[in-house]
Structures are given as structure tokens and as C-alpha cells.
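Below is one structure, written out as C-alpha cells, with a few remarks after it.
Computed from a predicted structure; not experimentally measured. All values below come from the heavy atoms of this structure, side chains included, with hydrogens, waters and symmetry mates left out.
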Amino acid sequence: MTDQSPKGDRIAKVLSRAGIASRREAERMIEAGRVTVNGKVIDSPALNVTPADKITADGKPVGEPEPARIWLYHKPAGLVTTERDEKDRPTVFGALPEDMPRVMSVGRLDLNSEGLLLLTNDGEVKRRLELPSTGWLRRYRVRIKGSASEAKLDQLREGITVEGLAYQPMVVTFDRQVGANAWLTISLREGKNREIRRAMEAIGATVNRLIRVSYGPFQLNDLKAGEVEEVKRRVVRDQLGIDQRPKPERKRKTAQTGKKRNP
């Protein structure tokens with residue numbers, strides 16, 4: 001029996017693997033007429049391509065995908081995790097070092113949140129790390145105004161529903177009281193938009209500082225605000241099961257906060 005399945009991979013997957021955009025964003029680029037295949041503008045992602053096809057995105061040739069890479073970035077407060085912001089606020093991607101390749105963030109940290117943000121050049125890696133089924137624990141150091149009783153914190157440990165949105169049980173530890181503030185360590189596996197802030201508000205507490213210190217096996221450790229550090233290829237291979245070609249040694253760079261850069 002002859003295999004009638006089309007050769008190659010879907011165009012959005014190829015763009016994603018090449019670090020152009022996530023698969024969903026690549027589909028939007030295609031629908032907007034920003035992608036050509038063999039000189040012809042395409043308007044549907046329902047197309048398979050092979051290495052023999054010549055692809056451009058926004059007029060630039062799309063090359064062979066590079067090996068998957070991951071960087072740790074210590075996001076400072078005050079940066080938006082997006083490429084372009086409608087309010088013209090400074091962005092994470094505008095603050096990255098000039099010699100960084102085009103990268104995508106794994107999930108987001110909101111404007112006022114700090115700490116570990118994973119970056120990758122591979123859309124499939126981004127998708128895999130964001131999937132709820134991955135189940136990787138995200139751990140945060142959280143400072144709240146005032147304090148919270150163990151009975152209140154037990155509501156978070158048991159799982160809480162806020163405005164009809166159910167949050168899974170969180171691992172919550174009361175660390176210490178410092179003057180008018182208390183420090184907690186909170187771990188969760190979902191990472192819904194503003195989850196910790198909304199859950200704390202629901203028990204009558206206000207978050208005034210939130211720092212993500214780990215994402216699965218990746219740790220913030222002593223990385224300073226604004227610094228970027230590439231994960232060793234051996235760690236990427238071991239954690240994600242991805243076969244890698246040799247990479248440069250891990251380097252640490254400092255992002256230029258406020259300096260715009262086109263991703």
C-alpha cells in the first residue's frame with residue numbers, strides 16, 4: 001500500500017523550529033500574508049514543506065533550524081514579557097544583549113514580577129515546557145503586606161476558586177515576618193495569569209513583591225537582575241531528551257535594560 005501522506009513538515013512547525021515564532025504565532029503570520037514559499041505568498045498553514053523549499057518570513061530567508069538552546073534570564077521588575085507593547089513600555093526582548101539570537105519566552109512574568117524567565121530559540125521546546133502535562137513545579141518567593149494565618153494559607157493549600165476560576169492546590173510555606181511584611185515560599189504547577197496575586201487577594205493579602213526562583217529543574221541561583229546565562233547543552237539534553245551538537249561554553253551576559261532591540 002502506498003503512503004499518501006504529504007512529505008515534510010507543516011510550515012508553522014518549520015517556522016517554530018527555526019525560532020521565528022511559536023507555532024500559533026507562525027500561523028497568524030501566515031494568515032497575515034507575511035510568509036512565502038518558493039516565491040509565493042501563502043495564506044494557510046495547511047501546507048507541508050521540505051528542506052528543498054525556499055521560505056521567507058517578513059522578507060527574510062528562513063534557514064535550517066539550529067539545535068535547541070535554552071537560556072536563564074533574571075527578569076527585573078518593570079519589563080513586559082512581549083516583543084512589542086501597545087503602551088510602549090520597556091520589554092524583556094528590548095533589554096536582551098545585542099548578540100543574543102532570536103528567542104521566545106517560556107510563559108511569562110507580569111510587569112511587576114521578577115526572577116527566572118526561560119528563553120529558547122526553538123518553538124517546539126517552548127511549547128513542550130509550557131504544556132500543563134509537563135507538570136514542572138514553579139517556585140516563588142512572595143512578600144505580602146501584613147501577614148496571613150495558617151488557616152488562610154490552608155485555603156491555598158487545598159485549592160481555591162477566584163471569580164469562577166479554580167486554582168490547583170499550592171505548596172505554601174510561611175518563612176518569616178519582616179516588619180510590616182511577611183515572606184512566603186509558594187510552589188505551583190499551573191502558572192495561570194497572575195495566579196498567586198489573585199489567590200492571595202482572595203484570602204485578604206496583598207503581594208508587594210514576587211520573585212520566581214525556579215522552573216522545573218532550572219534554578220535562578222545567583223543570577224543577578226538583567227543577566228542572561230545559557231544552559232549547558234548536556235543539561236538541555238538530559239532534561240528534555242534532545243540530541244545536541246556541540247555548543248559554546250556557557251556565558252553570562254548582562255541585559256541592557258531600557259535599550260531597545262529588535263527580536
Side-chain angles (χ1 to χ4, degrees), residues 72-83 85-87 89-93 95 104-119 126-127 129-227 255 257:
L72 312 178
Y73 173 54
H74 187 155
K75 176 195 173 297
L79 296 181
V80 183
T81 311
T82 184
E83 291 188 6
D85 182 63
E86 69 279 0
K87 298 180 181 178
R89 294 170 295 186
T91 72
V92 163
F93 299 99
M104 297 163 277
S105 66
V106 176
R108 297 188 176 196
L109 286 174
D110 65 41
L111 177 70
N112 295 316
S113 296
E114 312 163 48
L116 182 62
L117 183 67
L118 299 184
L119 305 172
K126 168 183 167 70
R127 177 175 172 274
L129 297 185
E130 289 178 345
L131 284 173
S133 58
T134 303
W136 272 354
L137 201 67
R138 288 90 150 161
R139 187 161 54 92
Y140 300 81
R141 296 276 288 122
V142 181
R143 188 179 69 190
I144 62 172
K145 183 179 179 180
S147 188
S149 67
E150 285 297 315
K152 292 278 190 180
L153 297 180
D154 280 343
Q155 295 180 44
L156 306 184
R157 295 172 181 134
E158 294 167 3
I160 191 171
T161 298
V162 182
E163 297 179 351
L165 186 60
Y167 295 127
Q168 291 184 2
M170 303 176 185
V171 179
V172 185
T173 303
F174 183 92
D175 294 329
R176 66 186 190 278
Q177 190 78 29
V178 182
N181 298 303
W183 280 97
L184 314 172
T185 297
I186 300 180
S187 301
L188 46 85
R189 296 187 184 275
E190 283 187 306
K192 292 177 180 175
N193 185 36
R194 298 178 62 83
E195 179 171 350
I196 292 176
R197 295 181 188 277
R198 288 173 173 168
M200 294 303 299
E201 286 173 3
I203 64 169
T206 300
V207 173
N208 55 30
R209 194 170 183 191
L210 191 150
I211 309 166
R212 183 157 66 193
V213 295
S214 66
Y215 190 111
F218 303 107
Q219 307 287 324
L220 184 64
N221 291 330
D222 63 346
L223 199 65
K224 294 181 175 59
E227 285 188 337
T257 303

Polar side chain donor-acceptor pair, D85 to T91, under 3.5 angstrom: no
Check: L153 and L184 side chains under 4.5 Å, non-hydrogen atoms: yes
Check: R108 main-chain N/O paired with S105 side-chain donor or acceptor under 3.5 Å: no
4.5 Å side-chain heavy-atom contact, W136 and V106: no
Results of side-chain hydrogen bond (donor to acceptor under 3.5 Å, both in side chains) for K126 - residues two or more places apart only: E130
Non-hydrogen atoms of P90 and G78 that approach each other most closely: CG-O, 3.6 Å
Pairs flagged by salt bridge (Lys or Arg N to Asp or Glu O under 4.0 Å) wherever residues 155-168 is involved - sequence neighbours left out: E150-R157, D154-R157
Rounded distance (nearest 0.5 Å) linking atom OH of Y140 with atom CD of E195: 8.0 Å
Sidechain-backbone polar pair: T81 side chain, L109 backbone, donor-acceptor under 3.5 Å: yes
K224 (side chain) donor-acceptor with H74 (main chain) under 3.5 angstrom: no
Partners passing side-chain hydrogen bond (donor to acceptor under 3.5 Å, both in side chains) against N208 (at least two apart in sequence or in another chain): R143, N181
Kindly list each side-chain donor-acceptor pair under 3.5 angstrom involving residues 111-119, sequence neighbours excluded, with atom names and distances?
unit_1	atom_1	unit_2	atom_2	d
S113	OG	D110	OD1	2.7
S113	OG	D110	OD2	3.4
S113	OG	R197	NH2	3.1
E114	OE1	R209	NH2	3.1
E114	OE2	R209	NE	2.9

Spatial distance of atom CD1 (I196) from atom CD1 (I186) [nearest 0.5 Å]: 5.0 Å
S187: partners by side-chain hydrogen bond (donor to acceptor under 3.5 Å, both in side chains), with sequence neighbours left out: none
Nearest-0.5 Å distance, CZ of residue R198 to CD1 of residue I160: 13.0 Å
Minimum heavy-atom distance between F174 and A182, given as atom pair plus value: CE1-CB, 3.7 Å
Atom pair CD1/CG of I203 and L156 - distance to nearest 0.5 Å: 4.0 Å
Throw together a table of side-chain donor-acceptor distances under 3.5 angstrom for residues 213-220, partners on residues two or more places apart or in other chains.
unit_1	atom_1	unit_2	atom_2	d
Y215	OH	L129	O	2.9
Y215	OH	R138	NH2	3.0
Q219	OE1	R139	NH2	3.4

Approximate separation, where rounding is to 0.5 Å, of R89 CZ and T82 OG1: 9.0 Å
Separation between CG of L137 and CG of L188, rounded to the nearest 0.5 Å: 7.0 Å
